[in-house]
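Accompanying notes for the structure given below.
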Number of protein chains: 2
Amino acid sequence: MADRNPPPLTPAGYQVLLALADGKAHGYAVMRFVEDVTNGSVQLGPGTLYRTIARLVADGLVEEVSGDDSEPHDARRRYYRMTSLGIDAAKRETDLLARLVGVAENAGLLDSARRSTA
Amino acid sequence: MADRNPPPLTPAGYQVLLALADGKAHGYAVMRFVEDVTNGSVQLGPGTLYRTIARLVADGLVEEVSGDDSEPHDARRRYYRMTSLGIDAAKRETDLLARLVGVAENAGLLDSARRSTA
DNA sequence: TCTCGATATATCCGAAGTGGATATATCCAA
DNA sequence: TTGGATATATCCACTTCGGATATATCGAGA
């Protein structure tokens, strides 16, 4: 069973949970999601990706689910979704990050004028 | 643009930069700031703290400055402040985190039931 | 003055996390 | 049927982290 104490969430762990926020997804889709949502500034290689998923499952934050009927069947894919424990952890981490961003914003460290970079 | 090789910012590195956002501070104050602003959920031990500061200085994101005249002199303290490079890095990281928080928020992962401290 | 606990910095070590290479297999389109 | 993209899995070297230990200074009070 997963422990009672909240296991600390690694950066990669949070990325994966975010990718699963909209529902279930398979590993490779998580990888593409993270790269996409961070504009390529965060990249999960296969090592970090599958190791992180395995750890999240072991900690009870994520569980494997069966494939979707709507999608074309692909035997290779393994789908995952957050557990309620995982949702809790994601909320806690989001709260923390939001607080940090707030502090940074108050200090003028939010450079929103950054869109097209050279 | 300048930052061709932006040195990656570790979580601890970002915490330290945030603590220096309001001006200069010495290491021990950084430690207390981090613990305070995160409600104790993030704690930088001496190992991580001074190692991280040393790395930031080596990477040119932070520089040591002389002590303040207004404060009572304490020979032990070593004060630091962000360089312009450090400010850039902090802004970039803040942008990234803000984007992640936005994604989480859209997915209902912001447990705002806990607003400003009670 | 002398002692003692809090403050402050520094370093070391084992544990954990990361990045990238490698391996293997399946899917799909040409 | 062949090849490139998709998909998962594991291994190894490197970095980072957390905590213990060490050392020294400051300030308050006996």
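Chain letters run A, B, ... following the sequence lines, proteins first and then strands; every chain starts at 1. Note that the coordinates shown come from a computational prediction; the quantities given were computed from them, not determined experimentally. Excluded from the calculations below are hydrogen atoms, water molecules and symmetry mates; all remaining heavy atoms, backbone and side chain alike, are included.
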Out of A:M82, A:K24, A:R81, which one pairs with A:E63 under the side chain to side chain contact (heavy atoms under 4.5 Å, CB included) rule?
->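 Exactly one option meets the side chain to side chain contact (heavy atoms under 4.5 Å, CB included) with A:E63, and it is A:R81.
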
Figure out the [atom1]/[atom2] separation between [X] and [N], and round it to whole Å.
X     : N      : atom1 : atom2 : value
A:I53 : D:dT10 : CD1   : C1'   : 14 Å
B:Y28 : D:dC26 : OH    : P     : 16 Å
B:H26 : D:dT25 : NE2   : P     : 16 Å
B:Q15 : D:dT16 : CD    : P     : 15 Å
B:R77 : D:dT23 : CZ    : P     : 23 Å
B:Q43 : D:dG18 : CD    : C1'   : 10 Å
B:L49 : C:dA8  : CG    : P     : 12 Å
A:L44 : D:dT8  : CG    : C1'   : 15 Å

Could you tell me if the side chain of [Y] sits less than 4.5 Å from the side chain of [X], heavy atoms only?
X      : Y     : value
B:L97  : B:Y14 : yes
B:L109 : A:L18 : yes
B:L9   : B:L61 : yes

For every nucleotide of nucleotides 11-18 of chain C, 5' to 3': is a protein heavy atom under 4.0 Å from its base (B), only from its sugar-phosphate (S), or from neither (-)?
-> BB----SB

Can you find a side-chain donor-acceptor pair between B:R77 and B:Y79 that sits under 3.5 Å?
->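 Indeed, the side chains of B:R77 and B:Y79 share at least one donor-acceptor pair under 3.5 Å.
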
On DNA chain C, check which nucleotide each of B:A29 and A:D74 is closest to and give me the residue with the more 5' one.
->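 Its nucleotide being nearer the 5' end, the pick is B:A29.
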
Looking only at heavy atoms, what is the nearest atom pair of A:S41 and B:L96, with distance?
->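 Closest approach of A:S41 to B:L96, heavy atoms only: OG-CD1, 3.7 Å.
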
